Visitor: 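Can you read through this structure? Questions will come right after.
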Amino acid sequence: MSSLFFITPAKRRTRRKGRPVAPAASPSRGQTVVTAGLIAIWLFLMVFGGLTFINPKWLQDLGRSGRHVEATSYKSRADDMLQEGEYATAIALYREALKIEPDRTALRMNMAHAWIKSGNDAKGTQILKEILQSETKRSEREFIYLNLADAAARQGNTDEAIAYYQQSAGETVSRGEIYFKIGLLHLEHERYEDARAALEMAVASETDLTLTYRAALQQSLDIFEDEPEHVAAIEQLLSKELRPEDLARYDLDTIRGMQVGNTELAKTHNHLALALSRLGEIDLAAEQLEKVLAILPDNEGARKNLDILNSMRKEQQYATAGQ
């Protein structure tokens with residue numbers, strides 16, 4: 001049995017007399033480089049594997065930054081397609097971006113807008129209503145309510161549309177466009193008193209310089225949202241009551257000059273003239289048309305309507321004199 005545990009010793013290399021043993025061959029330069037490279041790769045994998053396991057914050061931030069850049073790239077291309085009217089392509093690109101950043105509100109809002117522009121109001125409004133269930137910024141709510149209102153108006157849901165427009169107006173001080181749309185809906189349904197009230201508010205919003213100033217401040221809140229010092233200063237300015245004379249240090253003539261040629265303001269005056277004429281307020285309606293011509297002197301439609309109103313005023317004067 002002892003033979004089972006017997007280990008045969010290795011044979012010794014003996015030097016034969018007169019014949020030296022050849023030295024071991026040294027590795028070639030190529031072998032050395034390959035070996036060093038393999039060791040370096042192994043060390044890198046070990047270090048990276050360790051970091052991945054530990055998952056430090058800087059590595060997480062690096063990953064998030066890369067994903068954000070990739071999602072933004074998709075969004076930029078999608079936005080371009082949306083502007084060009086390629087709605088199906090835009091929606092596909094927004095979906096790719098949302099796979100990377102599923103909670104990015106701007107992506108969801110733009111995709112909803114693309115669905116609406118493509119004619120699928122149901123899909124677009126569904127997404128917008130889902131966004132409202134989460135935390136949103138003021139500017140986002142303004143955009144969402146405005147799009148929901150436009151969709152409801154296209155579907156003939158007038159009262160629902162007006163309610164959404166009013167909610168959108170509540171999120172901003174720049175309300176001219178919103179009140180104009182409300183006024184149009186009332187005009188379509190011959191609600192002339194309501195149309196007058198909405199269109200007068202639209203005119204006030206577009207001509208009141210303090211509202212223009214406050215709208216600029218409100219937009220600045222979104223721009224500087226990550227800078228608490230700026231936000232505090234802007235909110236302090238917004239909390240103050242403003243009068244036109246408080247803005248005297250600004251170039252108000254330049255701001256007023258911007259209203260010359262303002263076709264949107266001219267349209268508001270024109271529709272307000274229509275509402276007033278339907279209510280029998282001929283003098284006030286004529287004043288609105290004169291304001292249209294002050295902005296757009298070559299507007300032949302407004303000039304013809306003003307001539308009609310002037311004729312009506314003369315008839316009223318003759319009738320009053322005859323009595």
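Everything quoted here is computed from the prediction, not taken from an experiment.
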Visitor: Given 3.5 Å as the limit, does a donor-acceptor pair link the side chain of N270 with the main chain of A266, or not?
Guide: no
Visitor: Would you mind checking if E142 and R138 are paired as a salt bridge, meaning a charged N to carboxylate O distance below 4.0 Å?
Guide: yes
Visitor: State whether the side chain of N147 and the backbone N or O of F143 hold a donor-acceptor pair below 3.5 Å, judged by distance alone.
Guide: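 Checked: pair present.
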Visitor: So, R104 versus T72: side-chain donor-acceptor pair below 3.5 Å or not?
Guide: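 Yes.
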Visitor: Between E190 and R278, is a side chain to side chain contact (heavy atoms under 4.5 Å, CB included) present by the stated rule, with each step listed?
Guide: CA-CA 9 Å; E190 300 181 353; R278 292 289 190 272; over 6 Å; no
Visitor: Check this for me: does any side-chain nitrogen of one of D121 and K129 sit under 4.0 Å from a carboxylate oxygen of the other?
Guide: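 Salt bridge flag = no for K129 with D121.
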Visitor: Under 3.5 Å, side chain of R141 to main-chain N/O of T136, donor-acceptor pair present?
Guide: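 Side chain of R141 to backbone of T136, a donor-acceptor pair under 3.5 Å: yes, one is there.
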Visitor: Show the numbers, then the answer: is there a side chain to side chain contact (heavy atoms under 4.5 Å, CB included) between H186 and Y192?
Guide: CA-CA 7 Å; H186 285 309; Y192 297 121; over 6 Å; no
Visitor: Would you call D79-K75 a salt bridge at under 4.0 Å N-O?
Guide: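 Judged by the 4.0 Å cut-off on N to carboxylate O distance, D79 and K75 do form a salt bridge.
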Visitor: Look only at the side chain of R175 and the backbone of A169, and say whether a donor-acceptor pair between them is shorter than 3.5 Å.
Guide: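 Checking the backbone N and O of A169 against the side chain of R175, a donor-acceptor pair under 3.5 Å is found.
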Visitor: Would you confirm whether R303, through its side chain, and P297, through its main-chain N or O, come within 3.5 Å as a donor-acceptor pair?
Guide: yes
Visitor: Is a salt bridge present between K99 and E96, judged by a nitrogen-to-oxygen distance below 4.0 Å?
Guide: yes
Visitor: Do NZ/NE/NH1/NH2 and the carboxylate oxygens of K304 and E300 come within less than 4.0 Å?
Guide: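 No, no charged N to carboxylate O under 4.0 Å.
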Visitor: Closer than 4.0 angstrom, basic N to acidic O: yes or no for R108 and D103?
Guide: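 Looking at R108 and D103, the cut-off is not met.
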